[in-house]
Protein chains: 4
Amino acid sequence: MSIEFDTNIPIYIQIMTIIKKRIITGEMVAGDKVPSVRELATELKTNPNTIQRTFQELEREGIVETKRGLGRYVTSEEAIIMNIKKEMANDLLNTFIEGMRGLGFNNNEIVDIVDNTIKEKVEEQQEDVR
Amino acid sequence: MSIEFDTNIPIYIQIMTIIKKRIITGEMVAGDKVPSVRELATELKTNPNTIQRTFQELEREGIVETKRGLGRYVTSEEAIIMNIKKEMANDLLNTFIEGMRGLGFNNNEIVDIVDNTIKEKVEEQQEDVR
Amino acid sequence: MSIEFDTNIPIYIQIMTIIKKRIITGEMVAGDKVPSVRELATELKTNPNTIQRTFQELEREGIVETKRGLGRYVTSEEAIIMNIKKEMANDLLNTFIEGMRGLGFNNNEIVDIVDNTIKEKVEEQQEDVR
Amino acid sequence: MSIEFDTNIPIYIQIMTIIKKRIITGEMVAGDKVPSVRELATELKTNPNTIQRTFQELEREGIVETKRGLGRYVTSEEAIIMNIKKEMANDLLNTFIEGMRGLGFNNNEIVDIVDNTIKEKVEEQQEDVR
DNA sequence: GTGGTCTAGACCACG
DNA sequence: GTGGTCTAGACCACC
């Protein structure tokens with residue numbers, strides 16, 4: 001895998017969301033072993049310390065668990081996993097709505113804008129398909 | 001005015017949006033003189049360097065213009081001002097939609113979620129009012 | 001027996017105290033044969049290397065003795081066994097008292113705190129029983 | 001200041017408690033600026049990264065706050081500071097009591113032991129003074 | 001000057 | 001082989 005990271009966001013954060021997405025999409029499930037620090041470091045061409053930091057944070061969020069000498073595992077508490085998607089969506093939503101409010105849009109306008117934009121995007125995609 | 005800034009976002013960015021909002025809301029209009037660096041620095045209790053940086057960026061975006069010896073002014077090109085709101089909204093929208101896509105939501109789901117969330121928020125506000 | 005170990009303390013240390021407690025409580029007495037490495041490893045579902053390490057340390061402390069070809073035995077020197085409890089208690093006590101001193105508590109305060117806490121705990125237990 | 005660290009406990013943890021103690025003893029109070037990363041690193045002869053880690057953790061516990069470009073400060077929320085001593089004492093106490101229970105001591109015995117030990121220590125100190 | 005992040009590489013304890 | 005910690009040194013954004 002070759003990824004280029006956004007230079008404005010800490011790499012360890014970007015890797016965190018990569019892993020979270022892998023879990024959300026079911027690519028990784030509860031109890032799965034996650035790649036070792038060194039493995040991921042090589043795969044993503046980053047420094048092991050950066051990956052270490054990634055997992056340290058994921059652990060603090062309860063998403064992975066460490067078993068000494070054995071490796072790290074996706075938490076077996078399904079509840080936590082279930083929540084990841086919900087939380088991430090919520091974060092996006094709030095930043096968006098608060099931002100729009102700050103620009104002076106009211107509720108109806110916000111819904112309208114989203115509605116229209118999405119529709120446009122659908123058409124774009126259909127054009128792509130044709 | 002006494003504001004506490006979000007520690008995780010550069011202050012100069014936060015001040016930039018403050019000024020942009022003043023323009024969007026009509027509080028400041030094309031051709032207006034903007035406060036001097038020192039003035040704003042005192043008003044917002046920040047370091048003058050920070051304000052300097054703010055204007056430097058606003059200038060890069062064409063939103064303010066410097067007239068040597070006279071001060072800084074909101075650009076007189078109406079077109080640019082008209083675009084600020086649109087651009088800011090667009091940025092928010094794109095981050096949001098791309099983020100949701102990344103989480104595996106499809107178009108219909110996104111619209112639904114926004115719709116429901118907004119409705120909930122409306123109710124919350126009404127409760128606050130009662 | 002199925003135990004889950006505290007992830008932050010080396011498993012071999014945790015097993016050491018398990019064995020020491022068995023001796024303190026009289027479950028195992030001087031001269032008793034201790035389980036073999038493989039046996040204990042299966043019983044506690046750990047890696048044999050870990051058990052090996054456990055015994056290595058217990059041997060260093062003079063608590064078990066190895067008889068080549070025969071197995072390991074709780075030391076027959078009663079004096080050592082007698083001391084285990086005393087030493088373990090002493091260690092706990094010292095860490096505690098030194099810690100409290102470091103926090104600025106004086107002798108009277110320390111005794112008071114212990115006294116009160118214990119009393120509270122007694123009440124809690126009584127509530128549990130009711 | 002020249003300190004030798006306990007090799008079995010992460011240095012960043014040891015420095016954390018040093019700072020907490022400085023706060024508990026009133027040596028540092030709410031709102032005080034804490035030494036910069038580089039400063040402390042030189043003073044304690046450790047690597048700046050280690051100090052960085054220390055503050056990162058203290059920040060997560062709400063004990064210090066970071067102001068970008070200005071430095072770090074002891075939190076101004078008095079409540080948090082008030083709690084540090086209580087929490088640290090509680091931790092010590094619990095480890096102690098649980099440990100003693102594990103060794104088979106009952107409540108009365110624990111209180112007695114503490115009582116006697118403390119008295120002994122008092123005498124020792126008096127001897128030192130004479 | 002301050003903190004935040006990253007790379008590079010090392011050592012250790014653990015299983 | 002695995003993670004945890006530490007040192008060394010660098011670059012950057014921010015104030």
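Letters A, B, ... are given to chains in the order of the sequence lines, protein chains preceding strands, and every chain is numbered from 1.
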Ile23(C) and Lys85(C): CA distance, side-chain angles, deciding distance, side-chain contact (heavy atoms from CB on, under 4.5 Å) verdict: CA-CA 9 Å; Ile23(C) 294 176; Lys85(C) 189 171 181 178; over 6 Å; no
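Counting distance only, with no hydrogens placed and no angle test, the side-chain atoms of Arg38(D) and the base atoms of dG3(E) include a donor-acceptor pair under 3.5 Å.
The environment of NZ in Lys86(D) is sparse: at most 12 heavy-atom neighbours from other residues, nucleotides or ligands sit within 6.0 Å. The local environment of CZ in Arg60(A) is crowded, with over 12 non-hydrogen atoms from other residues, nucleotides or ligands closer than 6.0 Å.
When the nucleotides dG3(E), dC15(F), dC14(F) are ranked by their closest atom to the side chain of Ile11(B), dC15(F) comes out on top.
In terms of position along DNA chain E, the nucleotide closest to Arg72(D) lies nearer the 5' end than the nucleotide closest to the other residue of the pair Thr46(C) and Arg72(D). The 5' end of DNA chain F is approached more closely, in terms of each residue's nearest nucleotide, by Glu39(A) than by the other of Arg68(D) and Glu39(A). Comparing Gly69(D) and Lys33(A), the nucleotide of DNA chain F nearest to each residue sits closer to the 5' end for Lys33(A).
Here the side chains of Leu58(C) and Lys20(C) are in contact, with some heavy-atom distance below 4.5 Å. Side chains of Tyr73(D) and Thr66(D) form no contact here, defined as non-hydrogen atoms less than 4.5 Å apart. A heavy-atom distance below 4.5 Å is found between the side chains of Glu77(C) and Ile80(C).
dA13(E) atom P lies 18 Å from atom CG of Leu70(A), rounded to whole Å. Per the geometry, CG belonging to Asn8(C) stands 12 Å off C1' belonging to dG3(F), to the nearest Å. As a whole-Å value, the separation of Leu44(B) CG from dC15(F) C1' is 14 Å. Atom-to-atom, CD of Glu65(D) to P of dG4(E) comes out at 13 Å; the value is rounded to the nearest Å. Rounding to whole angstrom units, CG of residue Asp6(A) and P of dC6(E) are separated by 11 Å. Rounded to a whole Å, the CD1 atom of Ile9(A) is 14 Å from the C1' atom of dT5(E). In this structure, Phe5(A) atom CZ and dC11(F) atom P are separated by 21 Å, rounded to whole Å.
In this view, Phe96(C) and Phe96(D) satisfy the ring pair (Phe, Tyr, Trp, His ring centres under 6.0 Å) rule, not counting sequence neighbours.
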Secondary-structure string, 5' to 3', Watson-Crick or G-U under 3.5 Å, | for another-strand partners, for DNA chain E: ||||||||||||||.
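Remark: Thr54(C) OG1 to Glu59(C) CD distance equals 12.0 Å, nearest 0.5 Å.
At a non-hydrogen distance threshold of 4.0 Å, Asn47(C), Thr50(C), Arg53(C) from residues 47-60 of chain C come into contact with DNA chain E.
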